[in-house]
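One structure is given below, encoded as structure tokens.
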Amino acid sequence: MSANFSLCKKVPLRMGSLFEMKEKFRSADAVCFDVDSTVIKEEGIDELAKFCGVGDAVAEMTRRAMGGSLTFRAALTERLALIRPSREQVQALITEHPPRLTEGIKELVCRLHQKNVQVFLISGGFRSIVEHVASQLDIPLTNVYANRLKFYFNGEYAGFDETQLTAESGGKGKVIAQLKEKYGFRTIIMIGDGATDMEACPPADGFIGFGGNVTRQQVKEKAKWYINDFEELLRELENSIKMNHNDIIY
């Protein structure tokens, strides 16, 4: 009897937190998206590694890095040292194998823009690839936060810009804190597939887990709101419009 009573108490709490998350999303003045495996179907560094002929080796390094023994910056440094992409190879990847947008993202970003919501892309991937994605979604390049690759004058790989916040562990949260300070946003929502996206809340006011391309079990279990397609967010925005239209003033 007590077990049943306890269960009955827990369900409304979970429902309440989901309701609050949906309310925050509907009223947000800024929405930040992760890029790899969220806005696009692929992981940019894996695609670049495959294009440069070291896909298997980098995938193995990624698996080892997931063990948590390396910082994000150290893991990125190690993998890029193996890939060593030239400027020409990066451009060829974008031209020959452009990143594929996840279904529904274009419509969702368009709807957010129509509501005057600021949209940002925050990625641990590479700015040259993320800028290409931003241009497809009509997101200003000033709203892109990602890592910059560096090249020598002859186009050979010269490292990456380690001063970027996105090159640090916890970098996405630092970017969001900076956005709040710079623009004075009241409510910022972070949307992404990974643990680094979830860890950005706080300072983000809410987090929505995304499993449309890959499922991260930890994120699925811990996110208050977990979705498998962007249609769900579009429906939520449409519902908020209907609710506003149905408001009656006495």
Where do [X] and [Y] come nearest, in terms of heavy atoms and distance?
{"X": "D161", "Y": "Q164", "result": "OD2-NE2, 3.1 Å"}
{"X": "G192", "Y": "F207", "result": "O-CZ, 3.6 Å"}
{"X": "S27", "Y": "R186", "result": "O-NH2, 4.3 Å"}
{"X": "M21", "Y": "G206", "result": "SD-CA, 3.7 Å"}
{"X": "K115", "Y": "R26", "result": "NZ-O, 3.6 Å"}
{"X": "D193", "Y": "V219", "result": "O-CG2, 3.5 Å"}

Using side-chain heavy atoms (C-beta onward) and a distance below 4.5 Å, is [X] in contact with [Y]?
{"X": "L141", "Y": "E131", "result": "yes"}
{"X": "I176", "Y": "M190", "result": "yes"}
{"X": "P99", "Y": "I129", "result": "yes"}

Does this structure show an ion pair linking [X] with [Y], if we count only N-O contacts that are shorter than 4.0 Å?
{"X": "E238", "Y": "R235", "value": "no"}
{"X": "R87", "Y": "E156", "value": "no"}
{"X": "E199", "Y": "K172", "value": "no"}
{"X": "D205", "Y": "K24", "value": "no"}

Okay, side chain of [X], backbone of [Y]: is any donor-acceptor separation there less than 3.5 Å?
{"X": "D197", "Y": "G194", "value": "yes"}
{"X": "R73", "Y": "E162", "value": "yes"}
{"X": "T38", "Y": "V35", "value": "no"}
{"X": "D29", "Y": "F185", "value": "no"}

### Message
Please evaluate residues N213 and T102 with respect to the criterion side-chain hydrogen bond (donor to acceptor under 3.5 Å, both in side chains), reporting the C-alpha separation (whole Å), side-chain torsions for both, the decisive distance (0.1 Å), and the verdict.
### Response
CA-CA 8 Å; N213 293 310; T102 301; 2.9 Å; yes
### Query
Is it true that Y226 and F210 have ring centroids separated by less than 6.0 Å?
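No; F210 has its ring centre 6.0 Å or more from that of Y226.
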### Task
Would you mind listing every ring-ring contact (aromatic ring centres under 6.0 Å, His included) that reaches into residues 23-51, with sequence neighbours excluded?
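Sorted result for residues 23-51: F25-W225, F51-H97.
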### Message
Can you pull out every ring-ring contact (aromatic ring centres under 6.0 Å, His included) where at least one residue sits in residues 155-178? Sequence neighbours excluded, please.
### Response
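The answer is none; no pair qualifies.
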### Query
Checking side-chain contact (heavy atoms from CB on, under 4.5 Å) against E231, which of I227, D229, N228 comes through?
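Result for side-chain contact (heavy atoms from CB on, under 4.5 Å) with E231: D229.
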### Heavy-atom neighbours of E181 CD exceed 12 at 6.0 Å
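Not more than 12 within 6.0 Å, no.
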